[in-house]
Amino acid sequence: MPKTLHLTLTYHWWDKIASGEKNAEYRRFTDGWRKRLNGWQRGDLIVFHRGYTGRTLTQSIKDIRVITGWDLPNEVYDYFGKPNEEKFFEIRFSQE
């Protein structure tokens, strides 16, 4: 049985996922996120919450990998403050 990861997003990022424009979510490579994402694998589920409303989207995790700030998409790169050398988790997903 797949595990389920819950992430709360602002409306901006949630709407991009709902429209199919965004197929990956990014989190800084910190001890907290490393512990939280340890053990997740392809086929597990990710539920995106639109803020603290009842609206959710369920996706299937395709891959979780570590990337650098250079590899972030432009809008995400700007959001994180142009973090060139920092590491990030890239959580790729597909519609369930």
Donor-acceptor pair, distance only, cut-off 3.5 Å: does the side chain of Asn84 make one with the backbone of Trp70?
no
Which heavy atom of Ser60 sits nearest to which heavy atom of Gly43, and what is that distance?
OG-CA, 3.7 Å
Would the number of heavy atoms belonging to other residues, nucleotides or ligands and lying under 6.0 Å from NZ of Lys3 be above 12?
yes
Distance (rounded to the nearest 0.5 Å) between Asp63 CG and Arg92 CZ
4.5 Å
On a heavy-atom basis, which atom in Asp44 and which in Gly39 lie closest, and how many Å separate them?
OD2-O, 4.2 Å
Got Arg50 and Thr8 here, is their nearest side-chain heavy-atom distance under 4.5 Å?
no
Within one Ile-Leu-Val-Met-Phe-Trp-Tyr cluster: Val47 and Tyr11, side-chain cutoff 4.5 Å
no
Any chance CG of Asn74 has more than 12 other-residue heavy atoms, nucleotides or ligands included, within less than 6.0 Å?
no
Once you round to the nearest 0.5 Å, how far does NE2 of His12 lie from CD1 of Ile17?
10.5 Å
Starting at CG of Asn23, measure out to CD of Glu90 and round the result to the nearest 0.5 Å.
8.0 Å
Interatomic spacing from CD1 in Ile46 to OG1 in Thr58 - rounded to 0.5 Å:
10.0 Å
Pair Phe89 and Tyr26, ring centroids less than 6.0 Å apart:
no
With side chain to side chain contact (heavy atoms under 4.5 Å, CB included) as the test, would you mind laying out the steps for Glu25 and Phe93 before giving the verdict?
CA-CA 8 Å; Glu25 179 61 16; Phe93 50 84; 4.2 Å; yes
Non-hydrogen side-chain atoms of Leu45 and His6 separated by less than 4.5 Å
no
Arg27 side chain reached by Leu7 side chain, heavy atoms, under 4.5 Å:
yes
Taking Asp78 first and then Lys82, would you say they form a salt bridge - that is, a charged N and a carboxylate O separated by under 4.0 Å?
yes
Quick check against the 3.5 Å criterion: does Trp40 have a side-chain atom that pairs as donor or acceptor with the backbone of Leu5?
no
Would the number of heavy atoms belonging to other residues, nucleotides or ligands and lying under 6.0 Å from CZ of Arg42 be above 12?
no
What's the spacing between Thr30 OG1 and Leu37 CG if we round to 0.5 Å?
8.5 Å
When the ring centroid of Phe80 is compared with that of Phe88, is the distance short of 6.0 Å?
yes
Quick check: Tyr79 with Trp13 (ring centres under 6.0 Å apart)?
yes
Below 4.5 Å, heavy atoms only, C-beta onward: do Arg55 and His49 meet side chain to side chain?
no
Rounded at 0.5 Å granularity, tell me how far CD1 in Ile64 sits from CH2 in Trp33.
10.0 Å
